[in-house]
Amino acid sequence: MSNIKNCSKCGKMFNYIAGDVICENCKKAIEDKFQEVKKYIDDNPGAGLKQISEACDVATKQLKKWILEERLMFTENSPIQITCENCGARIQTGRLCAKCKATVTNELNKTVKQRQDALAAELAKQQAKQQADKKSGMKFLKT
Ligand SMILES: [Zn+2]
Ligand SMILES: [Zn+2]
C-alpha cells in the first residue's frame, strides 16, 4: 500500500517511506545545505551557531538537529559548547560523551539479555507443561 503524504517543507505530495516527512527534492536541498555548512565550519572553526545560521542561511534548529545526529563536529576552539546530557562533559557532537554512551549501551544490552533469559525460561516452562500434558493425556487414553 502506498503512503502518500505532504512534504513538511514544500507541501508537495510524495510517496512517504520512513523518517522525516520530506520529499526527495527537499531532502536533497537539505543535504546540499549540510555540505555547505560543513565546509563553512571547516573554513571558520571559530564560528558560533548564530553566525553559521546567518552565513549559510540555515535555521539553528536544523544545525542542532545535525549535531544531535552526530553529523556536525566542532573543534576544541569552537564557541559552540556541546555537553554530555548525562555527566556534562564537553563533547564534539551528539548527546552523550563516549563514556556515558558505553554505559547506556551496556545497560541496554543488559535489559535485552534479561528479557531474553526470561522469555527462554517461560518457553522452557511451557514446553515442560506440554510434555506433561501429553503424558497424562496418553495415560488417560490407556485407562
Ligand atoms: Zn518538499
Ligand atoms: Zn557523559
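Here the structure is a predicted model, which means the values were calculated and not measured. Read the numbers this way: they start at 1 and go in the same order the structure lists the ligands and their atoms.
Counting all heavy atoms, side chain and backbone alike, F14 lies closest to V21 at CZ-C, 3.8 Å. Pairing each heavy atom of T75 with each of P45, the nearest pair is OG1-CB, 4.1 Å.
Counting only protein N, O or S atoms closer than 2.8 Å to the Zn ion (ligand 2) gives 4.
Heavy-atom contacts from other residues, nucleotides or ligands closer than 6.0 Å to CD of E31 number more than 12.
Between SG of C23 and SG of C26, the angle at the Zn ion (ligand 1) works out to 110°, rounded to 10 degrees.
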### Test log, rule salt bridge (Lys or Arg N to Asp or Glu O under 4.0 Å), inputs E36 and K39
CA-CA 5 Å; E36 188 188 328; K39 192 176 175 306; over 6 Å; no

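Looking at S53, its side chain does come within 3.5 Å of a backbone N or O of V58 through a donor-acceptor pair.
Screening T111, D117, N109 against K113 for a side chain to side chain donor-acceptor pair (under 3.5 Å) leaves a single residue, D117.
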